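Following: one structure in structure tokens, then a few remarks.
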Amino acid sequence: MAQQESGVQIYLRLLSYVKPYWGFFAISILGFMIYASTQPMFAILLQYIVDSFEQQDREAVYWIPAATVGIVIFRGIGSFLGNYFLAKVANSVVHILRCQIFDRYTVLPNTFFDNTNSGQLISRVTYNVSQVTSAATDAIKIVIREGLTVVSLLGYLFYINWTLSILFIGVAPIIGIVVRYASRRFRKISHKIQTSMGDVTHVSAEMINGYRVIRSFGGENYEKKRFLDASKNNFRQSMKLVKSSAIHTPVLQLIVAAALAILIYLALIMMDEASAGAFIAYLTAATLVPKPVRQLSEVNAKIQRGIAAAESIFEVLDESDEVDNGTHTSERVKGKLEFRAINFSYPNTDKPVLRDVSFVANPGSTIALVGHSGSGKTSLASLIPRFYDHDSGEILLDDTEINHYVLKNLRHQIALVTQQVTLFNDTIESNIAYGVLADSTTREDVIKAAEAANAMEFISQLPEGFDTLVGENGVKLSGGQRQRLAIARAILKDAPILILDEATSALDTQSERIIQDALERVIKGRTTIVIAHRLSTIEKADQILVMDQGVIVERGHHSALLEKEGSYAKLYRMQFSDSSILKKA
């Protein structure tokens, strides 16, 4: 029962989005009322036709055809008003929901995306919203139109003979039990369909994004099997819904047909004094009831799919935003960054990622983080723009705890360049001037940033220059070219703090030299945190922090650390030895 009540609450919440369009909604209801009223009109007209034929009333020859055409026109007007204005309302609601869920994605914390695969997120914006469309258009239209039709027909039946009509609607409780049982099953299966559809989307997205890796490692058959399994699961759940609906509708039709058969039998006995026209009109109206009842029973599956889809959408809308209780803002910080006894574990895990991490980066200095994979370097850098919140300790920016900063203002002070560059399917200029910069920068500003990032070398050779489309995630550019655009983006932002997360580790030697030259220019005057895989790139850092299992095990300048003959020296010699072997080869 609680599940059904929950479904009603979800559907009522969905319908609350109709409030801004109540005028259009009222017009659509009026239209469906007009449409529904024409059903008993046909029964009444049939009564007059039969009675006029019996009474040899020749005057009816003139007005009955006109009345028939008039009823059809009246019905058409009602149908148009109902369908058009309800569609306008429903599509507006879907548009609002789609925009709201996308807007929520822009403010939800990192943990939400860590715990949900991309296929499920995309499916909510596309497939789930389309299910809401079905519930908000076809379903509501049928519920209102056919529901009013049933009401108008029953009203006419009660007017003709209320005793018989009470017996006829005696099957209503039985119908209610069947519908209630079917509703629960429809919604349960609909949830599984949406989950399976998200899996289909997820596998498809991974194949599309990773097609080069798939082909180079011969993973085509594996991916085909993954997609086949996901699609088969979606097929099975869809067929369960079809089977349930296919059983549900005939059962209701059988119940209504049985009631109708009993009604005809009783009418033959109890309406012996009625005219032939009244008798035929009554039976005609009664036989018109099963059709809208059948359509109402079929729409239940659509409504339950819509409720299940709306539930998944409302789950996102009800998710908490990133925590932002800060009140402090700064137009431009000086750049002093201090970690004091920082401890951090990822949400819902017990394993500490950072333990008692402390260091100070003075304004304009460069701090390099080195260590084996999994030592906590990237996790440490992720705490600075508050992609995650530290568990204990303090992170101070200009002697103010970063949690006290307004989140947007804090991130305004930070530029980020990572190994995995994110570019958008837009022009080179738009990618460099991405975000708030796009509204306040000129082409000259973009050119200066590109020159500082050593990107003009390849941009000037492109046929359309800065207006060249880079493709999805910069697929039309090389790794080095994408990296230089990311650096140009950071230069244009001109933030006082710069985070470089292995910005050159995946590049060839020539590209690395070009980008390293650009980085040396961009770090001047900025507090820079460098996560380095190639130790040769951070020899000039003001301080090098060597990390191991979340702990800083060594710190100091390059030459001093080499003299210690500790962890840094071992890492350095290992890389030097590997590069020597490669050169000989």
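Not measured: the values here are computed from a predicted model.
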Which heavy atom of [X] sits nearest a heavy atom of [Y], and at what distance?
{"X": "Ile491", "Y": "Ala452", "answer": "CD1-CB, 3.6 Å"}
{"X": "Ala415", "Y": "Ala490", "answer": "CB-CB, 3.9 Å"}
{"X": "Leu477", "Y": "Leu485", "answer": "CD1-CD1, 3.5 Å"}
{"X": "Lys377", "Y": "Gly371", "answer": "NZ-O, 3.1 Å"}
{"X": "Leu492", "Y": "Ile432", "answer": "CD2-O, 3.7 Å"}
{"X": "Leu383", "Y": "Tyr388", "answer": "CD2-O, 3.5 Å"}

Check: [X] side chain, [Y] main-chain N or O, donor-acceptor pair, under 3.5 Å:
{"X": "Arg355", "Y": "Ala341", "answer": "no"}
{"X": "Glu554", "Y": "Ser567", "answer": "yes"}
{"X": "Thr527", "Y": "Ile497", "answer": "no"}
{"X": "Asp391", "Y": "Ser345", "answer": "yes"}
{"X": "Thr528", "Y": "Arg526", "answer": "yes"}
{"X": "Asp398", "Y": "Gly335", "answer": "yes"}
{"X": "Ser460", "Y": "Met456", "answer": "yes"}
{"X": "Glu338", "Y": "Ser358", "answer": "no"}
{"X": "Asn115", "Y": "Thr111", "answer": "yes"}

Go through the side-chain N and O atoms of [X] and [Y] and say whether any donor and acceptor fall under 3.5 Å apart.
{"X": "Tyr346", "Y": "Ser379", "value": "yes"}
{"X": "Glu319", "Y": "Tyr105", "value": "no"}
{"X": "Asp467", "Y": "Thr427", "value": "no"}

Checking Thr378, Leu500, Asp501 against Thr418 for side-chain contact (heavy atoms from CB on, under 4.5 Å), the one that qualifies is Asp501
The single option from Ile384, Ile499, Leu498 that satisfies side-chain contact (heavy atoms from CB on, under 4.5 Å) with Leu416 is Ile499
Salt-bridge test for [X] and [Y]: reply yes if a basic N is under 4.0 Å from a carboxylate O, no otherwise.
{"X": "Glu401", "Y": "Arg340", "result": "no"}
{"X": "Lys408", "Y": "Asp324", "result": "no"}
{"X": "Lys334", "Y": "Asp399", "result": "no"}
{"X": "Glu315", "Y": "Arg124", "result": "yes"}
{"X": "Lys570", "Y": "Glu565", "result": "no"}

Applying salt bridge (charged side-chain N to carboxylate O under 4.0 Å, His left out) as the test, list every pair that has at least one member in residues 102-122; sequence neighbours left out.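 Salt bridge (charged side-chain N to carboxylate O under 4.0 Å, His left out) check on residues 102-122 returns Arg104-Asp321.
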Return a table of donor-acceptor pairs under 3.5 angstrom between the side chains of residues 539-548 and protein atoms on other chains or two or more places apart.
{"from": "Glu539", "atom 1": "OE2", "to": "Tyr572", "atom 2": "OH", "distance (Å)": "2.8"}
{"from": "Asp542", "atom 1": "OD2", "to": "Thr366", "atom 2": "N", "distance (Å)": "2.7"}

Between the OG atom in Ser382 and the CG atom in Asn110, the distance rounded to the nearest 0.5 Å is 7.5 Å
Check your understanding: Using the benzene-type ring in the case of Trp, are the ring centres of His390 and Phe344 under 6.0 Å apart?
Key ->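 Ring centres of Phe344 and His390 not closer than 6.0 Å.
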Of Arg573, Arg555, His558, the one forming a side-chain hydrogen bond (donor to acceptor under 3.5 Å, both in side chains) with Tyr568 is His558
